[in-house]
Each structure stands twice: as structure tokens, then as C-alpha cells.
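Single-structure report; data block below.
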There are 2 protein chains.
Amino acid sequence: MEEYQEHSLGGRVFQRIREDILNGKYKEHDELRENTLGKELGVSRTPVREALRQLELEGLVTIIPNRGAYVTGITGKDIWDIYVIRSMLEGLCARWAVEHITDEQLDELEEAILLSEFQMKKTSGFNAEQVTELDGRFHSILYDASGSRMLSHLLKDFHNYVKVARKNSVVSEERARKSIREHRQILRAIRDRDADMAEQLANEHILHVMQNLKKQGFEAK
Amino acid sequence: MEEYQEHSLGGRVFQRIREDILNGKYKEHDELRENTLGKELGVSRTPVREALRQLELEGLVTIIPNRGAYVTGITGKDIWDIYVIRSMLEGLCARWAVEHITDEQLDELEEAILLSEFQMKKTSGFNAEQVTELDGRFHSILYDASGSRMLSHLLKDFHNYVKVARKNSVVSEERARKSIREHRQILRAIRDRDADMAEQLANEHILHVMQNLKKQGFEAK
DNA sequence: TTTTGTATAATTGTATACACGAATACTCAA
DNA sequence: TTGAGTATTCGTGTATACAATTATACAAAA
């Protein structure tokens with residue numbers, strides 16, 4: 001899936017429109033005309049069409065035959081729902097990781113945490129972007145470690161979806177520290193092969209992220 | 001999403017190839033050439049391309065740029081994993097339905113159950129296809145009743161995914177009866193606004209489906 | 001025999017052309 | 001002015017044409 005996106009034009013158009021929807025450039029019920037989009041991006045209708053069809057599958061666009069494509073939009077409630085779903089599935093993921101994780105992946109998780117902790121220790125102040133990237137890496141490794149193609153695929157999709165909400169939420173130093181501590185606890189539980197604990201911790205980890213979002217005034221309605 | 005699939009050619013090609021992959025006509029690592037597929041289906045490359053790009057997003061096809069599209073395939077483990085995930089999310093769905101369901105949807109659920117029960121009472125033997133369709137309808141209504149676009153979308157996708165596994169599994173009369181009883185219990189819990197009970201019952205309902213699959217020799221490895 | 005280079009064929013990627021359907025604007029009668 | 005009916009316009013749906021890339025076949029050199 002990733003392969004195709006990288007070099008091909010159609011793939012880039014897809015990602016671009018997707019970003020523009022998630023960022024709010026195109027708002028709900030906006031009509032997405034193939035010609036217009038193509039001219040804006042300097043490509044023909046063909047790759048645009050492919051992108052729109054894919055976006056429909058993702059639920060970001062609604063296509064009415066012979067009529068047009070319209071932005072479905074993504075509400076605060078949608079994002080909130082995804083977090084709830086994610087909290088359950090991240091728990092499941094951690095549980096499965098206990099059984100399937102490799103030594104190499106354990107090392108990778110350790111490394112991600114160490115790098116995060118290093119960032120937070122910097123006296124010059126931590127690099128928020130870097131910390132966010134490392135957070136993403138930690139979770140991504142965990143997804144792969146679940147040994148389930150389906151679950152991994154799903155969680156990565158979600159992660160992409162809420163990327164924008166995350167970008168908008170300021171990473172408070174306090175939350176960042178707590179988050180890393182929680183990562184470490186999860187890793188510990190997985191090392192100890194304690195499935196129940198791993199599940200519970202991963203579950204709560206997402207719930208804490210949600211609490212933080214709410215504290216920052218995120219609208220879940 | 002459904003709208004587009006119904007009338008357009010590209011949508012039908014998408015569903016057709018999807019079916020063929022899930023049914024095993026195209027096996028893992030098979031190359032899907034746009035021209036060949038187009039000729040087989042009597043259409044040009046354009047709708048085939050759109051379909052392949054969509055299938056990639058679903059994880060059924062892997063596209064390597066400038067090389068081709070290959071069937072990713074779906075293993076027994078994939079299906080099993082989906083059932084596990086589904087069991088959690090169906091629980092969540094039932095929980096949310098308790099809060100969001102409308103009177104009309106309650107009636108629709110009741111109707112689906114009544115029709116199922118009617119099928120099972122027929123002395124001439126029940127129509128398995130009909131019962132399966134009604135089962136699907138029951139769940140679909142419940143998905144909508146969750147009030148969550150995201151969850152509903154997700155569960156419908158899953159339902160499609162495992163459709164084939166279900167088709168292959170014989171619907172034993174015993175299991176069918178139990179299944180309908182479980183549906184009725186779920187509906188009862190939702191009517192009673194008992195979220196915990198609804199969640200637990202919906203959860204277990206899927207677990208029972210899984211047990212039945214296993215009993216029929218389904219390979220989850 | 002193996003390897004490497006090159007020409008050729010096959011396949012994908014993108015753009016364009018044409019067909020079809022839907023929406024809009026217009027005409028003309030009441 | 002209003003309304004029905006028709007013409008025109010606009011956008012999508014599909015097919016085809018062309019460009020770019022990759023795979024294949026074959027020949028020449030090591």
C-alpha cells in the first residue's frame with residue numbers, strides 16, 4: 001500500500017486531497033470537481049478520479065453517480081469515536097503483542113522510549129515534533145508486533161485519521177512525560193508476558209490521551 | 001458509498017474482483033493485469049484501475065508502482081482476527097445503541113427477528129439464504145443504531161470481509177435457532193436500556209459464532 | 001556457459017476524447 | 001408572471017491514445 005503512494009502521481013493526489021479534507025481546506029458538503037482539482041494540482045482528471053474513489057472508501061468523500069463527489073467531513077464526534085474504538089483495540093494489540101513480539105521489536109520499543117526520554121531531558125527544551133514522531137513510532141512497532149495484519153492495518157488507519165487532531169493539540173510537557181512513562185509501563189508488561197496488564201495499560205493509555213484532549217477543550221459532540 | 005457502487009461500472013468491477021479474491025478465484029500472489037481483467041469483464045482499463053486502487057486500500061491487493069497489482073490474499077488467521085475484533089466492537093456497538101437507538105429502529109430489529117423466527121418455524125424446512133440475509137439485516141440495523149458513523153462503517157466493512165467465510169460455513173439448524181434467540185436477548189437488553197448487558201450479549205454472540213466456525217473445522221491459523 | 005548490453009515487447013501511468021446523464025437556462029404558451 | 005417543455009451547458013463515466021517504465025529475448029563478449 002505504501003509503495004504505490006510514494007512515487008505515483010495518483011497516490012500523491014490521494015494523500016493531498018485527504019490532507020486538505022482533514023485540515024479543513026475542503027469543508028463538509030463541498031463539491032469536489034474532478035476538473036477543478038486536476039487543474040489546481042496540475043494533473044489530469046484520471047489520477048484525481050482514482051483518488052476520489054479511494055477517499056470514498058475511507059469515508060471522507062461521498063460520491064453520487066453522475067452527479068459528483070462531496071466532502072463527507074469528519075466531526076469532533078467521529079474523532080472521539082475513533083479514540084474510543086482505538087482504546088479497545090490498542091488493548092487487544094498489546095495483548096497479542098505479548099505472544100507475538102520478537103526480541104528485535106522489544107529492542108525497537110526500548111529505543112523509541114529511550115530517545116523520547118532523551119528529548120525530555122534536554123535543558124534547551126524538548127522538540128515537540130520529534131516527541132510526536134517517536135510516539136507514533138512506538139505505537140507503530142506495537143501494531144506490527146501484534147502479529148495481526150488486520151489489526152495492524154486498522155490501527156494505522158486510525159492513527160492517520162486522528163493525526164490532525166493530534167497536531168492541533170498542544171503537547172504539554174506534563175502530558176508528554178506521563179505518556180512516555182506509560183509507554184515504559186506497557187513495554188514492561190509485555191516483557192513480563194503479562195497479557196492482562198499490557199491490555200489494561202494500553203487501554204488506559206489511550207483513555208489518558210482522550211482526557212488530555214478534553215482538557216484542552218476538544219469538542220467531542 | 002453504496003450509491004456509487006450500485007449503478008456505475010467501476011463500482012461493479014470493484015465488487016466483482018473483490019468477490020473473486022475472497023472466493024479464491026484469484027489466489028495469493030496472483031498478478032492482476034489491468035488489460036486481462038478488463039477483457040474478462042468486457043470493460044476498458046479505466047474502471048479496472050479504479051477498482052484495483054480501491055482494493056489496495058482494503059488490503060486485498062498490493063500495488064507495486066510501474067510493476068503491477070498482486071493479490072494479497074486473506075488467510076484463515078485474518079478472518080479469525082476480524083472476528084475477535086468484531087466481537088469487541090459489536091459489544092461497543094450494542095452499548096452505544098442503547099443510548100442512540102430510535103423507536104423505528106427498535107421496530108426494525110423486532111421485525112428482522114420475527115421474520116427469522118417465522119423462517120425457522122416453516123415445516124418445509126427453513127430457507128438458509130433468507131435466514132442469513134435476515135441475520136445480516138439485524139446486525140446492519142444495529143450498526144446504524146450505534147449513532148457512530150465510524151463504528152458503523154467499520155463493522156459493515158468487516159461484515160463484507162467475512163461474508164465468504166460465512167457462506168462456506170453451513171448454517172446448522174441448531175446454530176440458527178440459538179443465534180436468533182441471542183438476537184432477541186440483545187434486543188431485550190437494548191429495550192431495557194441495559195448497556196452492560198447489551199454489550200456482553202453482543203460480545204458473546206460473536207464468540208458463539210466463532211465457536212460454531214471452529215466446530216465446523218475452520219482453520220484459524 | 002555465463003554475463004552483459006541492447007532491442008523489443010508488454011504493462012503500467014497519465015492525458016485526452018467522446019458518450020451519457022443531470023442541471024440549468026431559455027422559449028413560448030397560458 | 002408562471003409553468004411546461006425543450007435546448008444548452010456542464011460534469012461525470014468510460015474508452016482510447018500516448019508516454020514512461022519495466023520485463024523479455026537475443027546476441028555478443030568474457
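Predicted model, so just to flag it, every value in this text is computed and none were measured. The sequence lines fix the lettering, A, B, ..., with proteins before strands; numbering per chain opens at 1.
- Atom CZ of B:Arg175 is surrounded by more than 12 heavy atoms from other residues, nucleotides or ligands within 6.0 Å.
- Atom P of nucleotide C:dT11 and atom CD1 of B:Ile63 are separated by 16 Å, given to the nearest angstrom.
- Residues B:Val71 and B:Lys27 come closest through the heavy atom pair CB-O, 3.3 Å.
- For the OP1/OP2 pair of D:dA15 and a distance below 4.0 Å, the side-chain nitrogens and oxygens of A:Arg45 include no atom meeting the criterion.
- Between A:Phe14 atom CZ and C:dG13 atom P there is a gap of 16 Å when expressed in whole angstrom units.
- At a threshold of 4.0 Å, the pair A:Lys156-A:Asp144 counts as salt-bridged, since one of the basic side-chain nitrogens sits closer than that to a carboxylate oxygen.
- Using a 4.0 Å cut-off between charged nitrogen and carboxylate oxygen, B:Glu58 and B:Arg53 do not count as a salt-bridge pair.
- Taking the side chain of B:Arg49 as heavy atoms from C-beta on, and the options D:dT14, C:dA15, C:dT12, the nearest nucleotide is C:dT12.
- For B:Ser44 and D:dA15, the shortest distance from a side-chain N or O to OP1 or OP2 is below 4.0 Å.
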Sort me out a list of protein N/O and nucleotides 19-23 of chain D N/O pairs below 3.5 Å, or just none if empty.
| unit_1 | atom_1 | unit_2 | atom_2 | d |
| --- | --- | --- | --- | --- |
| D:dA23 | OP1 | B:Arg67 | NE | 2.7 |
| D:dA23 | OP1 | B:Arg67 | NH1 | 3.3 |

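- Within residues 28-42 of chain B, no residue is approached by DNA chain D to less than 4.0 Å at the level of any non-hydrogen atom.
- Atom NZ of B:Lys25 has more than 12 neighbouring heavy atoms from other residues, nucleotides or ligands inside a 6.0 Å radius.
- If you check the side chains of B:Tyr143 and B:Glu90, you find a donor sitting under 3.5 Å from an acceptor.
- Taking both residues in full, the closest heavy atoms of A:Arg149 and B:Thr72 are given as NH1-CG2, 3.3 Å, listed atom of the first, atom of the second, then distance.
- Around the NZ atom of B:Lys214, the shell of radius 6.0 Å holds no more than 12 heavy atoms that belong to other residues, nucleotides or ligands.
- Between A:Ile64 atom CD1 and C:dG21 atom P there is a gap of 17 Å when expressed in whole angstrom units.
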